[in-house]
Amino acid sequence: MARIVMKFGGTSVADLDRIRNVAARVKREVDAGHEVAVVTSAMAGATNQLVAWCQDLSPLYDAREYDTVVATGEQVTVGLLAIALQTLGVEARSWTGWQVPVATDGQHGKARIASIDGAELIRRMQTGQVPVIAGFQGIGPDRRITTLGRGGSDTSAVAVAAAIGADRCDIYTDVDGVYTTDPRIVRKARKLAAITYEEMLELASVGAKVLQTRSVELAMKERVRVQVLSSFSDAPGTLVVDEDEIVEQEIVAGIAYSRDEAKVTIRRVPDRPGIAASVFGPLAEASINVDMIVQNVSEDGTTDMTFTLNKTELPRARAVLEAMHAEIQYADLSIDADVAKISVVGVGMRSHAGVAGTMFRALAGRGINILVISTSEIKVSVLIAAEYTELAVRALHTAYGLDVV
Ligand code: ADP
Ligand code: ASP
Ligand code: MG
């Protein structure tokens with residue numbers, strides 16, 4: 001007997017037939033004698049709709065009210081899945097975030113889980129009950145509903161797994177594992193039997209949506225065994241493992257893209273000590289994460305600063321940057337939201353030179369201009385015009401020899 005967490009994403013619970021399918025899968029594990037806790041997302045598209053409603057009413061919406069609205073999607077699916085399970089004769093009960101409780105910090109809209117009390121869940125599981133837990137949500141120090149950022153139910157699942165001491169956390173989604181790149185863009189993408197925590201973390205952080213970044217971070221820290229698999233087939237999935245568990249290590253594990261970022265340039269900023277702190281300090285205070293940063297070489301005592309940030313933060317970032325104009329006196333502020341970040345990830349980069357060179361050559365070969373470059377120990381990222389996203393990802397996938405033959 002094992003104790004397992006089964007997490008189902010939006011596509012897996014998109015309608016009643018799919019919820020029935022999920023219920024049948026859960027029943028299979030229960031019938032096999034396992035103790036099962038389930039975590040679900042909202043129905044596919046539901047969260048997007050809820051977010052759009054908030055933005056429509058006010059681009060600078062109150063994050064507490066945003067959380068109240070967007071957390072409702074998961075409340076629907078946990079209730080429906082509990083009913084579907086009961087219909088199959090499985091004893092099940094739904095749980096929203098505050099009922100567990102999933103305690104988070106107070107960063108509404110992108111809260112971090114602080115702790116989960118798993119005692120009651122364990123007690124119920126030991127009596128044969130299946131807890132069906134709403135992903136993506138928790139309760140903040142202000143005792144209001146919080147949400148964990150887009151894709152956050154993966155993190156809920158891993159956190160629940162850690163809290164109840166689960167033997168594994170199975171993430172069921174609409175693809176049957178982690179591929180060398182998004183299989184919806186590259187047909188020749190290859191499924192990986194296993195991927196290291198580190199590579200998965202890096203891939204997730206640069207846009208591979210299959211797992212939320214924090215879920216991988218947490219799995220790594222809490223030693224949770226995560227598996228990504230399909231809720232529509234019984235194909236073997238992808239295991240997230242330690243580096244020494246991988247037999248044949250490729251130099252490049254995968255390629256990711258993100259269209260979620262926008263490029264911001266502030267031109268002719270006075271080039272003096274402390275200027276970067278004056279720009280990025282207020283953004284950080286407003287909880288706006290900045291990603292790639294370049295500062296041009298200064299010529300006449302001024303410099304241009306370019307950086308990227310998440311598109312959803314643009315309205316707030318613009319307000320912060322405009323407010324600092326009185327102090328910083330930059331010439332102008334320009335924003336380009338039609339960009340994409342393409343990243344190549346692999347632990348093999350530590351010991352192999354030339355990975356970046358291959359990337360630049362492959363992109364040049366397709367006439368794709370690079371706007372910004374950034375690197376880390378196991379990753380190279382470039383920012384390009386969004387219209388070339390697919391072309392770039394396919395070209396790189398071929399250039400690194402990742403195509404299925
Ligand atoms: P869920 O709703 O189940 O959480 P998501 O849409 O969040 O599903 O994540 C699954 C999607 O991630 C896939 O449909 C796929 O398009 C995308 N994806 C991006 N990169 C990868 C990758 N390297 N391997 C597998 N899927 C990927
Ligand atoms: N429903 C939330 C979202 O769409 C959480 C999730 O799917 O993981 O972002
Ligand atoms: Mg997801």
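Sequential numbering from 1 along the given sequence is applied to the chain's residues. We count ligands from 1, going down the list as the structure has it; atoms in each ligand are counted the same way.
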(message) Just to check, does G254 reach to within less than 4.0 Å of ligand 1 when the distance is taken from its heavy atoms?
(response) no
(message) Tell me whether ligand 1 is touched by G177 - counting only heavy atoms on the residue side and a distance under 4.0 Å.
(response) yes
(message) Going by salt bridge (charged side-chain N to carboxylate O under 4.0 Å, His left out), D260 matches just one of K209, K311, K341. Which one?
(response) K209
(message) With a 6.0 Å cut-off (strictly less than), is the heavy-atom count around OH of Y388, excluding the residue itself, greater than 12?
(response) no
(message) Are more than 12 heavy atoms, taken from residues, nucleotides or ligands other than R268, located less than 6.0 Å from that residue's CZ atom?
(response) no
(request) Would you confirm whether R64, through its side chain, and H108, through its main-chain N or O, come within 3.5 Å as a donor-acceptor pair? (result) no
(message) Using 0.5 Å steps for rounding, measure from the CG atom of L80 to the CG atom of D15.
(response) 11.0 Å
For [atom], what is the nearest protein heavy atom, given as residue, atom name and distance?
| atom | answer |
| --- | --- |
| atom 23 (N) of ligand 1 | Y179 O, 2.9 Å |
| atom 4 (O) of ligand 1 | K7 NZ, 3.2 Å |
| atom 3 (O) of ligand 1 | T173 OG1, 2.7 Å |

I'd like to know if [X] pairs up with [Y] as an ion pair, taking the criterion as any Lys NZ or Arg NE/NH1/NH2 lying under 4.0 Å from an Asp or Glu carboxylate oxygen.
| X | Y | value |
| --- | --- | --- |
| R28 | D31 | no |
| K379 | E198 | no |
| D242 | R223 | yes |
| R93 | E120 | no |
| R225 | D170 | no |
| K7 | D154 | yes |
| R316 | E285 | no |

(request) Number the atoms of ligand 1 from 1 as they appear, then name those within less than 4.0 Å of a heavy atom of P183, with their elements. (result) 24 (N), 25 (C), 26 (N), 27 (C)
(request) List every atom of ligand 1 that sits less than 4.0 Å from any heavy atom of T181, numbering the atoms from 1 in the order shown and giving each element. (result) 22 (C), 23 (N)
(message) Below 4.0 Å, non-hydrogen atoms only: which portion of L203 touches ligand 1? Side chain, backbone, both or neither.
(response) neither
(request) Specify side chain, backbone, both or neither for S153, according to which of its non-hydrogen atoms lie closer than 4.0 Å to ligand 1. (result) neither
(message) Tell me whether atom 6 (O) of ligand 1 lies less than 4.0 Å from at least one protein heavy-atom position.
(response) no
Tell me whether [X] has any N or O atom under 3.5 angstrom from an N or O of ligand 1.
| X | answer |
| --- | --- |
| D174 | yes |
| G10 | yes |
| D182 | yes |
| T180 | no |
| S41 | no |

Mind listing the N or O contacts between ligand 2 and protein, cut-off under 3.5 Å?
{"unit_1": "ligand 2", "atom_1": "1 (N)", "unit_2": "T47", "atom_2": "OG1", "d": "2.8"}
{"unit_1": "ligand 2", "atom_1": "1 (N)", "unit_2": "E74", "atom_2": "OE2", "d": "2.7"}
{"unit_1": "ligand 2", "atom_1": "4 (O)", "unit_2": "T47", "atom_2": "OG1", "d": "3.4"}
{"unit_1": "ligand 2", "atom_1": "4 (O)", "unit_2": "R150", "atom_2": "NH2", "d": "2.8"}
{"unit_1": "ligand 2", "atom_1": "7 (O)", "unit_2": "S41", "atom_2": "OG", "d": "3.2"}
{"unit_1": "ligand 2", "atom_1": "8 (O)", "unit_2": "G151", "atom_2": "O", "d": "3.4"}
{"unit_1": "ligand 2", "atom_1": "8 (O)", "unit_2": "G152", "atom_2": "N", "d": "3.3"}
{"unit_1": "ligand 2", "atom_1": "8 (O)", "unit_2": "S153", "atom_2": "N", "d": "3.0"}
{"unit_1": "ligand 2", "atom_1": "8 (O)", "unit_2": "S153", "atom_2": "OG", "d": "2.5"}
{"unit_1": "ligand 2", "atom_1": "9 (O)", "unit_2": "R150", "atom_2": "NE", "d": "2.6"}
{"unit_1": "ligand 2", "atom_1": "9 (O)", "unit_2": "R150", "atom_2": "NH2", "d": "3.4"}
{"unit_1": "ligand 2", "atom_1": "9 (O)", "unit_2": "G151", "atom_2": "N", "d": "2.9"}

(request) Before giving the answer on side chain to side chain contact (heavy atoms under 4.5 Å, CB included), spell out for T155 and S153 the whole-Å C-alpha distance, their side-chain angles and the decisive distance to 0.1 Å. (result) CA-CA 5 Å; T155 305; S153 46; over 6 Å; no
